Amino acid sequence: MPLWWPLLLASLLFAIGVYAVLVRRNAVLVLMGVELMLNAVNINLVAFDAHLRDQLHGGQTFALFVIVIAAAEIGLALAIVLLVFRSHGHIDVDRLRSLADRDLDPSTSSGHRKLDRPEVRR
Amino acid sequence: MNALLLLLVLLPFASAGLTFFAGHRAEVATKGLSVGASGLGLALAAIVAFPRLGDAEPIGQVYASTSAAGPSIELSLYVDQLSAVMLLLAHSVAFLVQVYSLGYLGDDPRYPSYTALVAIFTGAMGVVVTADDLWLLLVGWELMGACSYFLIAHHWELPVARAGAVKAFLMTRTADLGLLFAIILLGIRFDSYRISTIMSGILEGGFARDELWVPAMLLTIAVIGKSAQFPLHTWLPDAMPGPTPISALIHAATMVAAGVFLVARTYPLFLSAPMALNLLAGVAALTMFLGALYALFSDDLKRVLAWSTVSQLAYMFGALAIGAYSAGILHLLAHGAFKALLFLAAGSVVHAVGSTSMSSMGSLREKLPDTFLTMTLGFGALAGVVPLVGFFTKDAVIGASLDAARDGRLVWPWLAWVLFVSAVVTALVTVAYCLRAWLLVFFGAPAPSAEPALTSEPAPRAEPVSLRDASSLGSSGQATEVAAIQESPWSMRAPLYLLAVPTAVGGLVVAYPDLLLGSEVEYEPLHPDVAVGMTILVALTAGVVVWAARRHARTPWRVPVIPHPQVDRVYDVALVRPVRRLASVVRAGDRDVIDAYANGAGSATRGLGWVLRLAQNGNVQGYLMVVVVGAAALAVAAGVLA
Amino acid sequence: MSATELALNGMVAVPVLFALLTGLFRRSEGFAVAIAVLGSLVTLGWSAWVASLSQAGLDGARVDEVWIAAIDVHWSLGVDGISAPLVVMTALIAACCLVSLVRHAPACGSRGNLAVLLLVIEAGCLGCFLAVDMVLFFLFFEVALIPMWFVINSWGDEHDEQGRRRAATRFLIFTVLGSALMVVGFMLVRSIAGTFDIVEIATGRASYDFGSPTALAASILVGLGLAVKTPLWPLHIWLPDAHSKAPTVGSVLLAAVLLKLGAYGLIRFWLPVTDPTWELLVPLVAALSVVAIVYAALACLAQTDLKRLIAYSSVGHMGFVVLGVATFTEGGVQAAVYASVAHGVITGLLFFLAGAIKDRHETPELGQLRVLYGGVPRLSGVFAFAAMASMGLPGLAGFWGEMLAIRSAVEPASALPDTTFTVLAVIAGLGVILTSVYFLTLLRGMLQGTPADPGRDAVVLDVEPLEWVAWSPLVVLTLVLGIMPGVLLSPVGEATRAYFGGL
């Protein structure tokens with residue numbers, strides 16, 4: 001098959017993945033987007049491996065590496081999402097702004113929106 | 001002799017230093033030290049000065065020299081006839097004042113610092129009259145001004161004393177800028193700061209007429225300020241809240257005469273720049289009449305004498321301006337003697353009565369016989385009564401001005417005529433105010449209770465002759481009960497008699513002036529017509545005044561409301577208020593403009609930080625968006641550039 | 001190590017050693033201060049030794065070792081007639097400060113630490129005056145600067161904590177910014193001349209091309225950095241706050257010594273890299289200095305805080321110093337050095353007195369300080385003396401510096417515009433009068449006055465013996481420098497001729 005078919009598929013999948021990461025509010029959907037991007041990269045690797053007829057099959061090997069890393073990363077990420085849900089009660093990334101640079105005393109800040117304070121639930 | 005000269009100059013400073021150290025611990029020792037050192041200074045002055053009189057050669061010596069870039073600055077002293085007579089005048093009046101102060105201020109708790117300052121002043125005057133280096137002269141000149149400031153503010157509890165001291169110091173110090181710049185210019189022009197070198201350079205140099213007008217004009221400004229001539233004439237009467245011996249020493253005999261001395265010392269410079277002499281003559285003509293007029297209407301005895309000093313100084317300047325060098329100097333010497341006498345006698349009256357206002361005096365001639373006798377001589381000399389010394393010297397000045405008006409070479413003829421007329425009229429007004437003061441103080445009915453002041457002068461206030469009186473003054477300014485009026489102690493009377501001697505017989509010396517000033521000086525011929533004419537006019541004026549006094553009960557004439565010298569208001573509006581407003585503008589400028597830049601820099605940095613902080617909003621997807629867009633841009637750029 | 005090298009290196013090392021020693025014992029305050037006083041006296045003696053070694057040319061007494069070879073920085077110290085008086089004055093002022101600490105403890109903080117910091121600042125200042133290598137000068141400049149932040153912040157005005165922090169921080173930021181610009185300027189100078197050694201540049205051994213495009217930029221940058229320190233209007237705004245919020249010893253050291261770092265830097269480092277034929281730069285500096293004289297005098301007239309008033313008077317006096325420098329003449333340099341030494345002595349004395357008055361009356365506000373002649377007559381007498389000296393009364397130290405500055409302004413270097421400088425000289429003369437105005441107003445308002453009810457106010461102590469010990473060297477020096485100006489003028493003149501080789 002022509003090379004550009006799998007490449008096109010990969011880029012489309014990558015684009016959808018980027019969209020999901022940048023725009024979706026649900027954290028799990030963001031992680032799905034990450035998975036999509038990783039898998040798009042896998043398709044890309046395998047396609048080039050086949051096209052270039054690599055003797056060492058570097059592309060396929062690297063694709064295996066990516067799968068392992070994706071699995072590890074998604075396990076960690078989902079664990080974090082679970083803890084976030086437990087402490088905040090939601091997993092809306094737009095509302096998770098604890099790391100914003102703002103004044104410690106809300107009365108001295110100027111023009112910042114009122115943000116959520118985390119309640120620790122045990 | 002040179003060593004003695006140096007010792008003479010340094011001795012008063014040494015005694016002042018000792019007094020400052022030991023003063024408050026040993027009272028009697030302090031009094032002995034100050035009078036003793038002053039007497040020793042007088043003896044040294046006599047030893048140094050008498051051989052220099054007449055036709056003697058002047059002596060000079062350079063004691064130390066330092067070279068800044070440019071002409072060297074030296075500690076060099078020079079005594080010629082002029083310095084010799086000034087030394088004698090300064091040291092004798094200073095000694096008499098020290099003796100007088102024993103009685104006048106002896107129990108004042110501030111006596112040690114007072115007498116130390118008088119000693120410093122004497123030393124400074126000695127420096128001025130013997131200095132051959134212009135910078136040394138400036139040091140002594142300004143040091144005298146500083147001593148005057150401290151001494152006028154001796155009774156610093158009084159607001160008028162504080163104000164008078166500041167006014168005197170500031171006015172004279174501003175005029176001293178003229179002296180500073182004149183010295184700088186003369187140094188550049190002649191490459192030397194030595195007066196003798198510069199003067200001989202001018203005499204030989206062949207300068208065009210008025211070529212040296214800038215230094216001459218600057219010097220004129222300086223002496224106008226120091227000697228209280230128009231328009232800087234208002235500080236002298238306001239300096240009267242100082243103790244009376246100080247008024248005698250500083251503001252009659254020595255410091256204000258230093259201006260006349262400076263003109264005489266740098267006379268070749270003035271002769272080569274007659275423009276300055278014209279200015280001096282005009283100022284003198286105006287001031288002599290103005291001063292006499294204010295004296296005519298003053299109610300305060302010391303203010304009368306102060307305005308009289310202003311007027312007589314103008315006589316001296318007038319004489320120098322028209323080229324009558326010897327007349328000016330001789331009048332300076334005579335005035336030093338009789339004005340010191342008048343002030344000290346006035347002090348005696350004030351000490352007895354407890355107030356300087358003439359409304360609270362009267363019929364004192366029986367109670368204060370010595371004061372009456374000596375003060376009569378003083379007033380007579382001031383008025384120019386034959387055969388007292390004032391008659392000879394004043395008529396010399398008037399005669400010289402008549403000569404200058406008829407065939408003068410230096411000053412414009414019309415100006416010389418103005419000077420002559422002013423001198424004659426002023427002499428008559430002088431008679432009037434002398435006679436008025438004499439009658440008011442010693443004759444007439446004893447003082448009634450306080451009359452309402454008829455002038456708008458500062459309200460007559462009692463001069464605190466001791467701190468006890470000062471504290472009992474309260475806010476009303478009138479003296480409380482004083483002891484019964486009695487004659488002054490001997491320490492105050494002796495100087496009066498000693499000063500009465502030159503006042504009475506000084507005229508003899510004036511007849512043989514070359515004994516003092518040497519035969520190289522040009523002497524004005526005696527003018528018998530002027531002498532006779534003036535005597536007749538004086539007698540007529542005296543008659544008029546006595547007749548007016550007989551008609552009215554106390555004062556010979558009603559005192560019109562004479563406003564305080566208007567010049568002061570001009571200064572206030574033109575100088576004092578704008579400077580104050582400018583000061584607050586500057587303070588606001590520092591706070592609101594320059595500080596605003598500094599604070600603004602701080603706020604701008606903080607604002608920039610606040611703006612940049614907006615990007616850190618905690619939204620992870622926002623950060624990632626920036627990463628993606630940036631990566632894409634870099635990829636495109638790489639693709640384009642490659 | 002030869003005697004000269006021992007003297008020069010020791011001049012910087014001795015205060016540091018004693019600072020370390022004092023730091024070891026800082027828990028027991030009295031002992032620590034005693035060691036510090038001993039150290040300052042040793043430094044004073046050492047400085048007299050160094051001054052005796054000074055010769056006309058800077059190469060006469062010199063230490064020169066390669067220090068950081070990679071960037072061509074030398075450990076290069078030297079003393080000549082220009083720096084010797086400043087070295088001795090620094091040591092004397094520091095000794096007076098430490099002596100005054102013996103009985104008088106600042107209200108907040110321990111004296112031991114303060115003494116350590118004062119010794120370190122002294123070492124920094126001495127190093128500045130001795131440094132010949134530009135980077136070394138910058139280094140000592142900073143060493144003198146940073147401890148001062150601690151001094152002002154921790155031991156300053158005890159009633160106004162926020163104010164003193166603000167004053168200290170502004171002082172630090174301003175001056176550090178200035179010295180950053182200055183060091184960039186030094187780099188530019190090196191790029192033109194090839195060396196950091198200023199003697200080579202000044203005497204002409206290293207060729208310095210004034211026409212190169214970076215020469216003007218280098219001169220401006222170096223000048224800016226030093227102008228912040230001197231200070232020159234309008235970069236003076238850090239000074240009133242810093243001086244008025246600092247403790248007494250801090251104010252004295254700031255006014256008497258640290259300001260002279262800027263002035264000395266202008267003479268030593270700015271004059272050789274500046275060409276008077278550049279049309280605008282030097283007349284502009286002279287004009288700014290005259291503006292400073294008049295501006296500061298007017299600002300003093302409107303002040304209500306005693307220490308702020310004296311601080312502004314320092315701005316005015318440094319205006320005369322810079323005017324002298326900007327005339328590019330030998331007389332001008334003499335005027336600048338003389339005025340610097342005189343100002344250090346007189347204003348040091350004034351700040352000591354102001355501190356004493358403030359401590360006795362608990363306030364520096366002029367509205368509440370009245371009739372001091374009645375309450376503390378000796379203190380007031382010395383204050384009146386210091387005020388007369390500061391307003392330039394001839395016969396006391398302050399006069400000669402001002403007079404020489406005005407004289408050299410009337411006759412500036414031939415490359416400079418004559419009429420402009422004459423006008424500036426006249427305005428400077430008017431500035432002298434304004435100086436008299438505010439001092440007389442101060443004396444009248446603070447020392448004189450109609451006494452209120454005598455029993456009402458608390459009894460206030462007059463001058464104590466230890467204070468006499470700390471102040472009398474300054475009083476005596478004011479008199480001596482006033483009567484014998486030659487003591488200072490001759491060595492400075494020779495050194496100027498040797499250093500600049502004919503301005």
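Everything numeric in this text was worked out from a predicted model, so none of it was measured.
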Practice task
Flag the pair B:K167 and B:D238 as a salt bridge only when some basic side-chain nitrogen lies within less than 4.0 angstrom of an acidic carboxylate oxygen.
Solution key: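 Salt bridge: yes.
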
Measuring heavy-atom distances to chain C, does [X] have an atom under 4.5 Å in its side chain, in its backbone, in both, or in neither?
X	value
B:L138	both
B:A124	neither
B:V579	both
B:Y149	side chain

Contacting moiety of [X], where chain B heavy atoms sit under 4.5 Å:
X	answer
C:T169	neither
C:V492	neither
C:Y438	neither
C:R308	neither
C:L434	side chain
C:Y312	side chain

Problem - Steps toward side-chain contact (heavy atoms from CB on, under 4.5 Å) verdict (C:V315, C:W233) - result: CA-CA 8 Å; C:V315 177; C:W233 190 89; 5.5 Å; no

Practice task
Inspect the surroundings of CZ in C:R444 and state if more than 12 heavy atoms from other residues, nucleotides or ligands are less than 6.0 Å away.
Solution key: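 Result for CZ/C:R444: enclosed.
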
Practice task
Answer yes or no: is there a donor N or O on one side and an acceptor on the other, between the side chain of C:S380 and the main chain of C:L372, under 3.5 Å?
Solution key: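 Yes: the side chain of C:S380 pairs with the backbone of C:L372.
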
Problem - Side-chain (C:W400) to main-chain (C:M484) donor-acceptor, under 3.5 angstrom - result: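 A pair under 3.5 Å: no.
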
Top of [options] for chain B proximity - count of heavy-atom pairs under 4.5 angstrom:
options	value
C:V437, C:V432, C:I483, C:L488	C:V437
C:P394, C:S408, C:G493	C:P394
C:L396, C:I433, C:V426, C:L301	C:I433

Who among [options] has the most heavy-atom pairs with chain C under 4.5 Å?
options	result
B:A163, B:A153, B:G187, B:G140	B:A163
B:Y597, B:W141, B:W135, B:F150	B:W135
B:I188, B:L582, B:L143	B:I188

